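Worksheet: one structure, shown below.
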Amino acid sequence: MKIFRFLSESGEASLGIYDKDGQRQARTIQGNLFGDYRLTNEVAKVSRTLPLLTPCNIIALGLNYRKHADETGIGYPEIPVIFSKATSSVIGTGEPILLPLAGPDKVDYEGELAIVIGTKIKNATSQEALEAVLGYTCANDVSARDWQMEKQHNQWVRGKSFDTFCPLGPCLVTRDELPEPNNLRIRTVLNGSIMQDSFTADMIFDVPTLISSLSRSMTLLPGTVILTGTPEGVGFTRHPPVYLNKGDVITVEIEGIGSLTNPVGVEQKGTPETSR
Ligand code: MG
């Protein structure tokens, strides 16, 4: 199933699958994605799409595509390079990525395949790791390069965790529909220009291996989101570098999942409204 979360016209946040009429109405899902759930025959009118979930944890891999490791000039890692992103950075498709008031002027994109863990695992084998996956979605690991590298001296978490820096969506594709997550085309498109165009087969640590590896050090709880790294073509390695500007539109497309599109705006003073 391709599961969306949406606000219905009656004001309720619901899960469902879009029906034949596109995104104007959906068949609703009852229950809990991390327990028992079922597709009903009830149809709800969709007011707007919401972020899929608020993850309990976001773990991300760095340098996990061979050609991306090549373009950075850093060698291939022997064990996964990991960092976390703040769960408060999640937004859904259509919501704006906001250039922070804190002053980053080197905000970059990273199109990525995201894994959503469905069942709790620890010290899992590769097979057990794959069976714990609820599904997959698209992610943009938005990164303020000046904070990631210069201001925080290569402590990546802050530059990766500004509000709105983790777009996820547009839907969760359940594992049964994507039995080969390491054989998918992945592209990132900025204002109509293709910036990243690769296949998940270029990953250094494939999906089961990386989940299994992470589970050896931490319990992966239901609702954990794992960003699996980005292919070559990110903005900061280009000559001249390409960074996001107000008014840009950035899309991450993954075969079998769909398109995650976000406009780029500028953060305003005050506590942001949230759609979660
Ligand atoms: Mg990344």
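These numbers were taken from a predicted model, which means no experiment stands behind them.
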- prompt: Is a donor on one side and an acceptor on the other found under 3.5 Å between the side chain of R27 and the backbone of T40?
  reply: yes
- prompt: Is there a donor-acceptor pair closer than 3.5 Å between any side-chain N or O of T188 and the backbone N or O of V252?
  reply: no
- prompt: Are any side-chain N or O atoms of D202 and backbone N or O atoms of R66, one a donor and one an acceptor, separated by less than 3.5 Å?
  reply: yes
List the atom pairs, donor and acceptor, that lie under 3.5 Å between side-chain atoms in residues 214-225 and the rest of the protein, sequence neighbours left out.
from : atom 1 : to   : atom 2 : distance (Å)
S215 : OG     : N123 : N      : 3.4
S215 : OG     : A124 : N      : 2.8
S215 : OG     : S212 : O      : 2.9
R216 : NH2    : S212 : OG     : 3.1
S217 : OG     : L214 : O      : 3.1
T224 : OG1    : L221 : N      : 3.2
T224 : OG1    : L221 : O      : 2.7

- request: Check whether any side-chain N or O of T228 sits under 3.5 Å from a backbone N or O of L113 as a donor-acceptor pair, and report yes or no.
  value: yes
- prompt: If you group Ile, Leu, Val, Met, Phe, Trp and Tyr by side-chain heavy-atom gaps below 4.5 Å, do F199 and M195 land in one group?
  reply: no
- request: Please answer whether the main-chain N or O of F165 pairs with a side-chain N or O of K85 as donor and acceptor at a distance below 3.5 Å.
  value: yes
- prompt: According to the interplanar angle, ranging from 0 to 90°, do the rings of F83 and W156 count as parallel (below 30°), tilted (30 to 60°) or perpendicular (above 60°)?
  reply: perpendicular
- prompt: Are any side-chain N or O atoms of S259 and backbone N or O atoms of T261, one a donor and one an acceptor, separated by less than 3.5 Å?
  reply: no
- prompt: Can you say whether the rings of F236 and H68 are parallel (under 30°), tilted (30 to 60°) or perpendicular (over 60°)?
  reply: perpendicular
G92 backbone acceptor or donor facing N262 side chain under 3.5 Å: yes
R238 with E71: basic N within carboxylate O range, under 4.0 Å: no
- prompt: Got a donor-acceptor contact below 3.5 angstrom from the Q268 side chain to the V266 backbone?
  reply: yes
query: For K67, does the NZ atom have more than 12 heavy-atom neighbours from other residues, nucleotides or ligands under 6.0 Å away?
result: no
message: Main chain of L172, side chain of T174: is a donor-acceptor contact present, judged purely on distance under 3.5 Å?
response: no
Qualifying residues under salt bridge (Lys or Arg N to Asp or Glu O under 4.0 Å), relative to D108, sequence neighbours excluded: R145
message: Looking at T200 and L184, would you say the former's side chain and the latter's main chain have a donor-acceptor pair under 3.5 Å?
response: yes
message: A quick test of your reading: do over 12 heavy atoms of other residues, nucleotides or ligands sit less than 6.0 Å from CD of E12?
response: no
